[in-house]
Amino acid sequence: MTETLLYDIIIVGSGLAGLRAAISAASKNKNLKIAVISKVQVMRSHSVSAEGGTAAVLYENEGDNLESHIYDTIKGSDFLADQDVAELLVKKIPYEIIQLDRWGMPWSRKENGRIDQRKFGGYSFPRATYAQDKVGFYEMQTLYDTCLKYENITFFNEWFCTSILHNSNTFQGFTCIEIKNGHFVNMVAPSGIICTGGAGRIYSFSTYAYSSTPDGLDMAYRAGLALKDMEFVQFHPTGIIPSGILITEGARGEGGYLINSKGERFMKNYAKDKLELASRDVVSRAMITEIQAGRGFKHVSGVDCLKLDLTHLGDEKIKGKLAGIREIGIKFSGVDVINEPIEVRPVCHYMMGGIHSNVDGATELNGLWVAGEAACNSLHGANRLGANSTSECLVWGAITGELAANYSIKYKSNSINVDNQQISTEEKRIFDRIFRGKGDVNPYEIRKELTDTMDENAYVYRTESSLVEGLKKIRQLKSLYWKHVDDQVKEYNTNFLNVMELDSMLRVAEVVLLGALNRRESRGAHSRIDYKERDDNNFLKHTLAYYNDDGEPKMNWHPVTFTRYAPAERRY
Amino acid sequence: MGEENKKVVLKVFRTNYNKNESSHYDEFEVPVNRWTTVLDALLHVKSYSDTSVGIRYSCRMASCGSCGMKINGRPSLACYTKISELNKDVIVCEPLSNFPRIRDLVTDFSQFFDHHKKIEPFIHNDLVPLDIKDKDDLVEFEQSPKEVDDYLQFSYCIKCGLCYSACPTVATDPSFPGPQALSQTYRYIADNRDNDKSTRFNILDERHGIWRCHFAGSCSAVCPKGVDPALGIQLLKGHMMGFSKNDKKVANLRAKNKE
Amino acid sequence: MGVNFNMASLRLRESQIMKIHYLTGIVSLFAVAIHILFRLIMPFGQSLLYQNVISNYHNIFYALLLESILVLISIHGFNGLRIILIELKQSSRWESTITILVLISMIGIIAYGTRTIVIASGL
Amino acid sequence: MNNVPDNKDFTMTTSGREGIRGWLNPTRYGWERVSYWLQRLTGLGLLIYFIGHVYETSSLTNGINAWNSMLQLTQTLGGHLFLLFVIGASTFHTVNGIRLIFTESGKGLGKPGRPDYPYHAASLNYKQKSGIWVAILLACIAMLYGGMVLFGQGG
Ligand SMILES: Cc1cc2nc3c(=O)[nH]c(=O)nc-3n(C[C@H](O)[C@H](O)[C@H](O)COP(=O)(O)OP(=O)(O)OC[C@H]3O[C@@H](n4cnc5c(N)ncnc54)[C@H](O)[C@@H]3O)c2cc1C
Ligand code: HEM
Ligand code: SF4
Ligand code: F3S
Ligand code: FES
């Protein structure tokens with residue numbers, strides 16, 4: 001028998017969403033035992049990379065208002081957002097900002113001692129609350145440190161979750177591998193929250209941390225939960241070459257220009273009001289159009305690109321507000337942004353899609369919630385506005401933490417009756433079929449092919465043929481003889497984890513491509529050259545994908561919730 | 001990727017599980033260009049030469065703190081060290097000193113994290129509710145940009161452990177909190193939202209506490225984020241000795257209706 | 001544990017010990033400076049002649065100076081040794097042992113040096 | 001008081017610890033590390049000398065002959081070299097010690113501020129480094145002078 005650990009709440013993932021959920025649950029009741037599992041050491045989660053800001057309405061008497069944040073979010077989503085969800089975010093996020101201030105967050109301040117905010121793409125008011133250009137890092141640190149206050153939170157650093165245990169439609173727990181020693185362990189609890197973040201590593205050119213692979217999504221998918229709106233992948237306009245490391249939108253929020261090889265601020269031709277601060281999908285498309293029209297630059301590595309010019313901002317502003325960007329530029333691109341423009345190119349940055357949930361973050365399994373980037377409660381619709389994601393993580397972290405706590409208090413552990421069959425099936429899947437699997441193709445080569453295929457066939461602009469070809473390629477890779485692990489040592493076996501991650505990447509990439517193929521319209525981040533217009537008659541609905549035993553995913557649709565705004569044309 | 005296609009040799013420390021943990025070095029030749037970082041090179045080895053190399057990494061942009069290791073003898077972040085900067089044809093990668101080893105380049109951080117936890121690294125303030133319950137609490141602390149600058153630098157710490165690996169006291173004294181935890185204490189003491197010096201002073205004023213730092217400065221020399229832990233520690237000592245007067249004014253909450 | 005009887009109540013805070021360490025360091029600097037100056041007012045060789053040395057000792061202020069140097073440096077030096085030793089190995093047993101040994105040596109050296117001063121100064 | 005860390009939590013796992021080997025190459029992290037190493041070494045050296053010195057002078061109590069034969073012991077080449085070391089060590093230890101007393105009270109280190117890349121640690125500043133150089137320099141001068149006095153007399 002494998003070891004079993006019993007907790008009251010299990011949170012998988014320790015990014016902003018996971019840690020916020022842990023605090024929310026822990027402060028609900030001191031007797032709840034909360035486990036936070038993460039495949040990286042807790043404070044190293046991908047959220048530390050977030051740079052630019054967290055959107056919130058703080059200054060209602062200075063011209064901002066909640067309604068405007070709600071509308072901007074919905075407009076940004078190209079009207080695919082569920083409007084009740086957007087409302088909830090906007091109402092709750094000011095609390096979270098002030099709450100973080102009480103917990104020690106080093107928000108950047110105005111001279112009068114109040115919290116400062118900066119402009120961000122797609123907003124009608126400077127609303128991105130920031131802490132220099134390391135917002136996510138500081139938020140993570142604040143939440144991590146605050147977690148240490150609670151004796152009832154236990155961190156499981158470097159534990160890899162492999163599957164969800166459930167009993168028809170009730171959540172029971174997770175199966176995990178303790179990476180340090182390779183032990184297979186069951187963690188059971190009345191309630192759980194999945195906060196495993198985004199999956200952008202299915203692309204090669206990506207701003208994400210290496211740990212952002214879709215194992216969390218895949219785990220839910222395999223347990224029969226739907227993945228929603230996965231075709232909507234956000235490409236951020238400014239990734240540096242060759243690493244894909246992000247230059248925050250805050251750089252444009254502070255006044256940076258995008259220029260083409262003629263030295264023009266070309267955005268005036270695409271979004272004449274907002275220019276560089278139009279929403280991300282608009283700017284990225286404009287960039288690719290410029291490049292295709294031959295007005296791009298060539299990076300020394302041979303890649304086409306444009307340039308981001310910050311030189312006119314001046315030494316002081318850059319050092320004061322964009323210090324991290326300058327550091328990244330010098331170190332990873334060899335360019336000091338104070339003196340010269342930096343080469344950038346649209347880069348995979350965010351997944352609007354995720355595990356299907358309702359407005360509260362509840363999934364189709366009783367007792368299981370999702371929060372953060374892994375969730376798709378349909379806040380972002382077809383395109384997320386910058387700075388709305390860290391907001392989402394905080395708000396739904398807090399909500400799901402509290403709901404899960406209430407649930408666990410109500411049902412205690414007597415709802416648990418773990419199905420041993422599931423555990424042994426999972427054990428077979430990962431140890432017999434993966435760890436001791438056989439194959440002659442190098443999984444790392446498969447991974448490279450997969451991510452390159454995604455870069456090529458499901459980038460900013462998509463067509464029927466590129467998507468079909470991508471799908472064919474992925475299925476072909478899937479069928480190759482690659483599922484094996486060379487390294488047979490139990491301790492800290494990253495080779496094993498890489499292969500498990502790849503397994504999930506292949507499945508989720510297929511869902512992305514299939515969703516994109518089915519959506520014959522252009523909406524938000526999903527732009528089809530062959531269907532240039534938004535088609536509200538046929539596609540004003542969410543895509544759902546269900547797992548089908550390694551056959552083709554079962555696709556379905558789900559209605560959008562409207563409460564206040566009818567779809568309108570979107571201009572910036 | 002075009003450009004100069006040079007090759008260098010990576011010499012990687014390996015723990016050997018089969019032969020009772022006797023360790024050795026493996027050498028790998030890897031192609032590099034001007035952007036290749038040590039992390040890129042190691043991942044290249046892992047993908048195409050020897051998949052079993054044990055290494056911890058995540059963000060590849062020097063913000064998560066995973067990839068600390070000794071590179072050519074000096075504690076460094078692998079993702080933050082470009083091969084072209086090293087100007088060497090052989091690059092030696094070893095696990096950080098002063099951490100128990102798990103495998104190859106991967107070390108055990110639990111004690112390091114415990115030290116951080118022991119200094120109670122969160123805001124203590126008995127005058128203000130720290131958990132917001134209702135709308136009346138919806139006001140922030142008043143803190144000027146200058147007051148932020150008093151602690152911001154120490155807040156940059158990514159818990160990478162490089163300082164812990166370099167400190168000569170940590171090298172022999174596992175009970176010594178180490179530069180990371182000590183400088184985090186200073187971070188909270190310098191933050192004017194915190195009003196409880198005495199608890200933290202008590203934690204550190206101990207045989208193996210702050211006084212076991214002798215300003216060897218190695219922590220600040222290796223810190224990749226400019227935290228300068230040695231500075232925080234010495235300033236903290238000054239406060240504890242009562243030699244530096246503490247002119248911190250504890251922050252108030254903004255009056256609700258004040259603009 | 002026998003050695004650990006009620007040390008806790010006698011124990012100085014480490015910050016107090018460090019203050020003492022710094023203070024003894026600085027004061028002994030001045031004391032030693034005078035001590036050496038005494039040696040330099042006459043040619044070095046002569047300064048070591050028995051008669052000269054003894055006559056120095058008979059100066060009560062000089063004797064007191066020597067006594068203070070003895071005390072200050074013993075405290076400073078042995079505390080320094082204690083610091084180094086407790087950094088090398090950790091266990092409450094080792095630490096109590098070190099503390100006690102250091103205290104004993106400190107007192108021993110002071111006693112032994114004081115004996116010399118008392119006898120040589122002909123008190 | 002109730003928050004004093006409990007040392008028993010930390011098992012004596014020294015695996016991976018550098019131990020005293022960490023002292024071997026004092027130059028690898030810069031001058032402050034050299035200072036740390038020299039301060040320790042000279043401190044210990046002085047302590048040994050001090051004990052010896054107290055023992056040496058105790059011969060005064062046994063009259064002139066005992067004193068002279070004790071002096072004889074130190075009037076050798078080895079004795080003089082050791083004395084030379086003591087002169088240098090005490091000069092360095094004192095000068096650097098005074099610097100350290102200031103430093104470890106937070107003086108002369110500069111102020112925390114927003115770090116700019118490339119980072120320069122404020123605490124490893126020029127003042128501190130020159131303090132160390134001055135201490136070393138003075139120690140050398142003192143040894144030179146001491147050498148002249150000691151060996152100049154044909155010892
Ligand atoms: C470079 C960059 C900059 C960004 N900047 C901004 C910004 O300025 N503003 C903004 O609002 N948003 C920004 N975002 C988006 C935002 O950072 C992310 O959406 C958000 O941080 C996601 O947080 P999360 O809590 O959902 O998950 P993550 O922080 O991604 O954490 C995922 C967690 O799940 C764990 N995990 C995953 N799989 C498993 C498994 N199988 N077993 C165990 N644990 C697992 C991981 O270890 C990790 O702890 C940015 C994103 C990027 C890439
Ligand atoms: C005369 C002036 C002196 C001054 C100003 C002085 C100052 C100092 C200082 C500041 C330290 C470092 C403490 C620390 O970093 O924690 C120190 C350590 C030490 N000193 Fe002195 N000292 C002096 C004389 C002496 C003498 C004469 C001796 C020998 C008996 C001595 C023995 C030591 C020892 C053994 C240490 C411990 C080394 C360490 O902790 O690293 N000192 N001294
Ligand atoms: S102080 Fe610097 S070196 Fe030490 S853990 Fe923090 S970031 Fe790393
Ligand atoms: S290296 Fe260690 S001794 Fe002090 S100054 Fe840094 S903590
Ligand atoms: S991989 Fe995150 S710091 Fe290097």
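Side chains are part of it too, since the values below use all heavy atoms of this structure and drop only hydrogens, waters and symmetry mates. Keep in mind that what you see is a predicted model, and the values were worked out from it rather than measured.
In this structure, the portions of Ile64(D) lying under 4.5 Å from any heavy atom of chain C include both its backbone and its side chain. Using a 4.5 Å cut-off between heavy atoms, Val32(C) makes no contact with chain D at all. For Ile84(C), the parts lying under 4.5 angstrom from a heavy atom of chain D are both the backbone and the side chain. For Leu60(D), the parts sitting under 4.5 Å from any heavy atom of chain C are the backbone and the side chain alike. Contacts between Leu46(D) and chain C at a heavy-atom distance below 4.5 Å are absent for every atom of the residue. Only the side chain of Tyr57(C) comes within contact range of chain D, judged by heavy atoms closer than 4.5 Å. For Leu70(C), the parts sitting under 4.5 Å from any heavy atom of chain D are the backbone and the side chain alike. Using a 4.5 Å cut-off between heavy atoms, Ser105(C) does not touch chain D at all.
Side-chain contact, Glu67(C) with Thr114(C): a donor N or O sits under 3.5 Å from an acceptor N or O. Between the side chains of Asn25(D) and Arg28(D), not a single donor N or O lies within less than 3.5 Å of an accepting N or O. For the residue pair Tyr22(C) / His76(C), no side-chain donor-acceptor distance below 3.5 Å is found, with atom types taken as modelled.
Side-chain atoms of Gln39(D) never come within 3.5 Å of backbone atoms of Tyr36(D) as a donor-acceptor pair (strictly under, hydrogens ignored). A donor-acceptor pair under 3.5 Å is formed between the side chain of Trp67(D) and the backbone N or O of Leu48(C).
Using a cutoff of 4.0 Å between basic side-chain nitrogens and carboxylate oxygens, Lys19(C) and Glu104(D) are not scored as salt-bridged. Under a 4.0 Å N-O distance rule, the pair Glu32(D)/Lys127(D) does not qualify as a salt bridge.
The residue among Thr61(D), Val54(D), Thr57(D), Ile51(D) with the most heavy atom pairs within less than 4.5 Å of chain C is Thr61(D). Chain C forms more heavy-atom pairs under 4.5 Å with one residue of Gly97(D), Gly63(D), Ser90(D) than with any other, namely Gly63(D).
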